[in-house]
Amino acid sequence: MSTTEPVEPEATEAIKWGSPAFVHPRGTILLVISTHTAHANFTVTPSAKEAFADELEGLETGKGSVKLPYDTPMPGDLLRRMARHRLTEFEQDGVNWM
């Protein structure tokens, strides 16, 4: 898979809680990205975040969010895998948004 290939090509972009979000064609939020003064947040469901807990060690996290400081390299591959996991947990397991 190309690093630029979208995880869910049919997802649409929307504004949710004032932040960009990607929404499944069936209307469920897949992920939200928010920007702050010194970092960005990549937010998925708590279960999607927990599936990658070992790889997130060393990063600050919240309920379903990963804090991405602007002064450190972005873990793009990890974020793509988390997004794919989020898509799978929705489509195969019926896990909705928080």
Side-chain angles (χ1 to χ4, degrees):
M1 171 177 263
S2 164
T3 58
T4 58
E5 185 178 325
V7 173
E8 172 53 68
E10 301 299 318
T12 57
E13 296 176 28
I15 300 297
K16 299 290 184 181
W17 306 286
S19 297
F22 290 90
V23 179
H24 191 276
R26 289 186 269 178
T28 296
I29 297 169
L30 296 173
L31 62 95
V32 176
I33 300 168
S34 59
T35 58
H36 307 274
T37 302
H39 72 280
N41 275 347
F42 176 86
T43 305
V44 290
T45 55
S47 55
K49 186 200 76 166
E50 286 304 314
F52 294 88
D54 291 344
E55 294 180 73
L56 293 169
E57 197 168 304
L59 290 172
E60 191 174 334
T61 63
K63 181 178 179 180
S65 65
V66 179
K67 188 175 189 176
L68 304 166
Y70 295 134
D71 62 354
T72 60
M74 182 180 72
D77 180 61
L78 174 59
L79 299 178
R80 278 187 291 281
R81 288 186 291 119
M82 289 176 72
R84 280 189 212 105
H85 179 87
R86 171 66 190 119
L87 175 63
T88 299
E89 77 171 3
F90 170 67
E91 289 186 335
Q92 293 182 6
D93 303 326
V95 177
N96 288 312
W97 192 245
M98 296 183 241

Listing, residues 48-58 side-chain donor-acceptor contacts under 3.5 Å, not counting sequence neighbours, or none:
residue	atom	partner	partner atom	Å
Lys49	NZ	Gly62	O	2.7
Glu55	OE1	Arg81	NH1	3.2
Glu55	OE1	Arg81	NH2	2.4
Glu55	OE2	Arg81	NH1	3.1

query = If two hydrophobic side chains count as joined below 4.5 Å and joins carry through other members, does Val95 share a cluster with Val66?
reply = no

query = Going only through I, L, V, M, F, W and Y residues with side-chain contacts under 4.5 Å, is there a path from Met74 to Tyr70?
reply = no

Contact summary for [X] and [Y], nearest pair of heavy atoms:
X     : Y     : result
Val44 : Met98 : O-CE, 3.2 Å
Phe90 : Thr28 : CE1-OG1, 3.2 Å
Trp97 : Thr43 : CH2-O, 3.6 Å

Could you tabulate the donor-acceptor pairs under 3.5 Å formed by side-chain atoms of residues 30-42, not counting sequence neighbours?
residue	atom	partner	partner atom	Å
Ser34	OG	His36	NE2	2.9

inquiry  = If you define the side chain from C-beta out and look only at heavy atoms, does anything of Thr72 sit under 4.5 Å from Leu59?
reply    = no

key: Interatomic distance, Leu87 atom CG to Met82 atom CE [nearest 0.5 angstrom]   = 14.0 Å

ask   = Can Leu79 and Leu68 be said to form a side chain to side chain contact (heavy atoms under 4.5 Å, CB included), step by step?
value = CA-CA 10 Å; Leu79 299 178; Leu68 304 166; 3.8 Å; yes

